[in-house]
J.: 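To start, I am sharing the structure in question, which I have written as structure tokens.
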Amino acid sequence: MKKNFLSENFKNILISAIGAFTCMFLIAYFNSIDKTNLWLIPPFGASLVLVMAVHDSPLASARNVFFGHILSASSGVIVFYFIGESPVAIALGLALAIILMMISKTVHPPAGANPIIAILGAKTFDFVIMPVAIGASFIVIFAWIYNKIWKR
């Protein structure tokens with residue numbers, strides 16, 4: 001007798017959801033106790049969908065998650081530094097992020113939000129380090145360990 005899609009994939013669905021919950025909880029918890037640093041940015045939720053639910057996708061590779069976030073955040077910071085906040089700056093920050101991710105072969109769609117955050121929040125390169133580089137590293141390391149434990 002053939003099993004339906006849900007029963008065949010229930011274990012994988014549960015493992016993915018629990019992994020995303022756990023990693024996001026930890027990041028949100030660090031954000032709530034560390035009043036000097038921002039840990040949590042919305043793109044991390046989308047990154048967790050990729051690294052937990054479609055971890056075999058090239059877009060979810062450790063390289064893409066880490067460098068995609070860093071290049072995109074840097075794009076926003078650079079554009080803000082030179083031209084400030086404006087609709088053109090936001091569009092230019094995103095376009096630059098896409099160019100850099102495509103050239104470096106590190107496309108990570110959730111990172112496309114980073115230039116917007118950087119420009120609207122008038123961020124400096126500190127933003128690229130914390131929360132972006134540290135948070136992306138945390139997600140990559142967590143996902144690698146978690147997916148190894150569950151042999152996925």
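Heavy atoms only: backbone and side chains are in, while hydrogens, waters and symmetry mates are out.
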J.: As an exercise, state the distance from CD1 of Ile78 to CD1 of Ile119, rounded to the nearest 0.5 Å.
T.: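 Those atoms lie 10.5 Å apart.
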J.: Once side-chain hydrogen bond (donor to acceptor under 3.5 Å, both in side chains) is applied, do any residues pair with Ser137, and if so which ones, sequence neighbours excluded?
T.: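 Testing Ser137 for side-chain hydrogen bond (donor to acceptor under 3.5 Å, both in side chains), a comparison that skips the adjacent residues, returns none.
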J.: Are Val65 and Met102 joined in one hydrophobic group, where the rule is that I, L, V, M, F, W and Y side chains link up if heavy atoms are under 4.5 Å apart?
T.: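 Unlinked, Val65 and Met102 end up in two clusters.
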J.: In residues 36-43, what donor-acceptor pairs under 3.5 Å come from side-chain atoms, sequence neighbours left out?
T.:
unit_1 : atom_1 : unit_2 : atom_2 : d
Thr36  : OG1    : Asp34  : OD1    : 2.7
Asn37  : ND2    : Asp34  : OD2    : 3.1
Trp39  : NE1    : Asp34  : OD2    : 3.1

J.: Evaluate the side-chain proximity of Phe66 to Thr106: yes if any heavy-atom separation is below 4.5 Å, no if none is.
T.: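 Not touching, per the 4.5 Å side-chain cut-off.
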J.: Are Ile103 and Val107 linked, directly or through other ILVMFWY residues, by side chains that come within less than 4.5 angstrom of each other?
T.: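 No, because Ile103 and Val107 fall into different hydrophobic clusters, even though each may have its own neighbours under 4.5 Å.
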J.: Test your reading of the model: is there a side-chain donor-acceptor pair from Ser72 to the backbone of Pro115, 3.5 Å cut-off?
T.: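 Here the side-chain-to-backbone pair does not exist.
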J.: If I compare all heavy atoms of Leu100 with all of Ser104, which pair ends up nearest, and what's the gap?
T.: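 Looking at all heavy atoms of both residues, the closest pair is O-OG, 2.7 Å.
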J.: Measuring from atom CG of Leu71 to atom CG of Asn64, what distance do you get when rounded to the nearest 0.5 angstrom?
T.: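 Answer for the CG-CG pair, Leu71 versus Asn64, is 10.5 Å.
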J.: Kindly write out the residues that satisfy ring-ring contact (aromatic ring centres under 6.0 Å, His included) with His108, not counting sequence neighbours, or none if the list is empty.
T.: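 His108: ring-ring contact (aromatic ring centres under 6.0 Å, His included) contacts with His69.
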J.: Looking at every non-hydrogen atom in both residues, tell me the closest pair between Ala111 and Gly68 and how far apart they are.
T.: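 Answer, listing the atom of Ala111 first, then Gly68: CB-O, 3.3 Å.
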J.: Quick one: side chains of residues 121-134, donor-acceptor pairs under 3.5 Å with protein atoms, not counting sequence neighbours, listed by atom name and distance.
T.:
unit_1 : atom_1 : unit_2 : atom_2 : d
Thr124 : OG1    : Asp126 : N      : 3.3

J.: Quick one: side chains of residues 83-97, donor-acceptor pairs under 3.5 Å with protein atoms, not counting sequence neighbours, listed by atom name and distance.
T.:
unit_1 : atom_1 : unit_2 : atom_2 : d
Ser86  : OG     : Val88  : N      : 3.4
Ser86  : OG     : Ala89  : N      : 3.0

J.: If you take all heavy atoms of Val54 and Ala60, which pair is closest and at what distance?
T.: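 The pair with the smallest heavy-atom distance is O-CB, 3.6 Å.
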J.: Would you please test Ile15 and Tyr146 for side chain to side chain contact (heavy atoms under 4.5 Å, CB included) and show each step?
T.: CA-CA 9 Å; Ile15 290 169; Tyr146 188 82; 3.6 Å; yes
J.: In Å and rounded to the nearest 0.5 Å, what is the CE to CG distance from Met24 to Leu48?
T.: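 If we round to the nearest 0.5 Å, Met24:CE and Leu48:CG are 5.0 Å apart.
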J.: With no hydrogens and no angle check, is any side-chain donor or acceptor of Lys35 less than 3.5 Å from a backbone partner on Ser32?
T.: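 Indeed, once roles are kept as given, a pair shorter than 3.5 Å links the two residues.
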J.: Could you tell me whether Phe142 atom CZ has more than 12 heavy atoms of other residues or ligands within 6.0 Å of it?
T.: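 More than 12 heavy atoms, drawn from other residues, nucleotides or ligands, come within 6.0 Å of this atom.
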J.: Is Leu50 close to Pro110 at the side-chain level, that is, under 4.5 Å between some pair of heavy atoms?
T.: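 When only atoms from C-beta onward are counted, Leu50 and Pro110 do touch, with a gap below 4.5 Å.
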J.: Suppose we screen for ring-ring contact (aromatic ring centres under 6.0 Å, His included). Which residues come up paired with Phe80, at least two apart in sequence or across chains?
T.: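 Checked Phe80 against ring-ring contact (aromatic ring centres under 6.0 Å, His included); zero matches.
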J.: To the closest 0.5 Å, what do you measure between CD1 (Ile18) and CH2 (Trp150)?
T.: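 Here the interatomic distance stands at 7.0 Å.
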J.: Show, in sequence, the C-alpha distance, side-chain angles and deciding distance for Val140 and Val51, and conclude whether the side chain to side chain contact (heavy atoms under 4.5 Å, CB included) test is met.
T.: CA-CA 8 Å; Val140 165; Val51 300; 6.0 Å; no
J.: Are Ile98 and Phe82 connected in the hydrophobic side-chain network, where two residues link if heavy atoms are under 4.5 Å apart?
T.: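 Different clusters.
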J.: Between Phe30 and Phe138, does the ring centroid distance fall short of 6.0 Å?
T.: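 Judged by ring-centre distance (under 6.0 Å), Phe30 and Phe138 do meet the cut-off.
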J.: State yes or no: do Leu59 and Phe67 share one hydrophobic cluster built from I, L, V, M, F, W and Y residues joined by side-chain heavy-atom distances below 4.5 Å, directly or via other members?
T.: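 No, Leu59 and Phe67 fall in different hydrophobic clusters.
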J.: In terms of hydrophobic clusters joined by side-chain contacts under 4.5 Å, are Tyr81 and Ile117 together?
T.: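 Looking at the clustering, Ile117 is in the same group as Tyr81.
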